[in-house]
Every structure is written in C-alpha cells, then in structure tokens.
Amino acid sequence: MRVLVMMAALVLVAPVLALLQPPAGLSDVALVVLPPWADRSAVVAALDGAAIGPGRAPFAVLVQTSQAHWQGGLDAGAWWIADGSAVAMICGVTA
C-alpha cells in the first residue's frame, strides 16, 4: 500500500518539480506569480515587458520581457518569477 501511495505522489509531484527547476538559460517569457492585491500592470512594467496571458488568472501572468534579470518584478510585488516558456507552451500562448 505504501508503495502505491509513493508512486502516486511521484506521478503527481514530478510535473510540478520539472516546472520549478531553474532554467538553463532565461527565455523571453516569464511566469510571474503574484498576490491578487498586487498591481499586475506595475509588475509587468517593472519587468519592462508585455502581458501575454492568461487574462483572468488571479495569481499569475505570463510576461514577454527581454530583461536578463527579474529582480524588478520581485521588487514590484511579485511572489515568484520563473521561466515561463514551458507554461506558455502548455497554455497555448504564443509570444
């Protein structure tokens, strides 16, 4: 029984861990996770980019940016910023 639970946990957690790994090279699409009370447009502006989707997600936005670092977005109120190319592909967003 424990083996089945461990296998199920691995199957459920593996995709999340794959998305959380640091990117080998930063792409031009960033996944920005932010609190719902944060000013989304201010975070996007701090990254010097443009929001490319999703339009109605309260906790995240995909941003196309050419910045080499994302510290400005964190300073503007984002909780977490990661490479968003894999998420954009899953969501069908084209930059």
Side-chain angles (χ1 to χ4, degrees):
M1 182 65 170
R2 281 189 280 172
V3 172
L4 290 176
V5 171
M6 289 175 22
M7 288 175 57
L10 180 62
V11 167
L12 295 174
V13 172
V16 174
L17 291 177
L19 289 175
L20 293 178
Q21 286 196 12
L26 296 178
S27 72
D28 61 341
V29 178
L31 171 65
V32 181
V33 179
L34 63 161
W37 57 83
D39 185 5
R40 179 183 296 231
S41 59
V43 173
V44 172
L47 290 170
D48 194 28
I52 58 173
R56 297 181 352 174
F59 288 102
V61 63
L62 288 169
V63 177
Q64 184 171 11
T65 181
S66 61
Q67 284 194 348
H69 59 85
W70 297 325
Q71 187 60 42
L74 295 171
D75 294 340
W79 279 338
W80 180 63
I81 302 176
D83 181 22
S85 57
V87 176
M89 185 180 67
I90 292 170
C91 294
V93 175
T94 57

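Scope of the values below: all heavy atoms of this structure, side chains included, with no hydrogens, waters or symmetry mates.
Among all heavy-atom pairs drawn from F59 and P36, the shortest one is CE2-CD, 3.2 Å. When all heavy atoms of A38 and G77 are compared, the closest pair comes out as CB-O, 4.3 Å. Across all non-hydrogen atoms, the minimal contact from A78 to V32 is CB-CG1, 3.7 Å. The shortest non-hydrogen separation linking G72 to A46 is O-CB, 3.4 Å.
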**Q.** V63 vs I81, side-chain contact (heavy atoms from CB on, under 4.5 Å): CA-CA, chis, key distance, verdict
**A.** CA-CA 10 Å; V63 177; I81 302 176; over 6 Å; no
(Q) Using side-chain contact (heavy atoms from CB on, under 4.5 Å), reason through L62 and L31 one step at a time and then give a plain yes or no. (A) CA-CA 5 Å; L62 288 169; L31 171 65; 4.0 Å; yes
Q: Would you sort out whether V43 and R40 count as a side-chain contact (heavy atoms from CB on, under 4.5 Å), showing the intermediate values?
A: CA-CA 5 Å; V43 173; R40 179 183 296 231; 5.9 Å; no
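With sequence neighbours left out, the side chain to side chain contact (heavy atoms under 4.5 Å, CB included) criterion links P58 to no other residue. Every residue two or more places apart in sequence or in another chain that forms a side chain to side chain contact (heavy atoms under 4.5 Å, CB included) with A51 is listed here: V44, V61.
Between W37 and W79, the ring planes are perpendicular. Angles over 60° get that label, and only those under 30° would be called parallel.
Taken to the nearest 0.5 Å, the CG atom of D48 stands 11.5 Å off from the CD atom of Q64. Atom CH2 of W80 sits about 9.5 Å away from atom CH2 of W70, to the nearest 0.5 Å.
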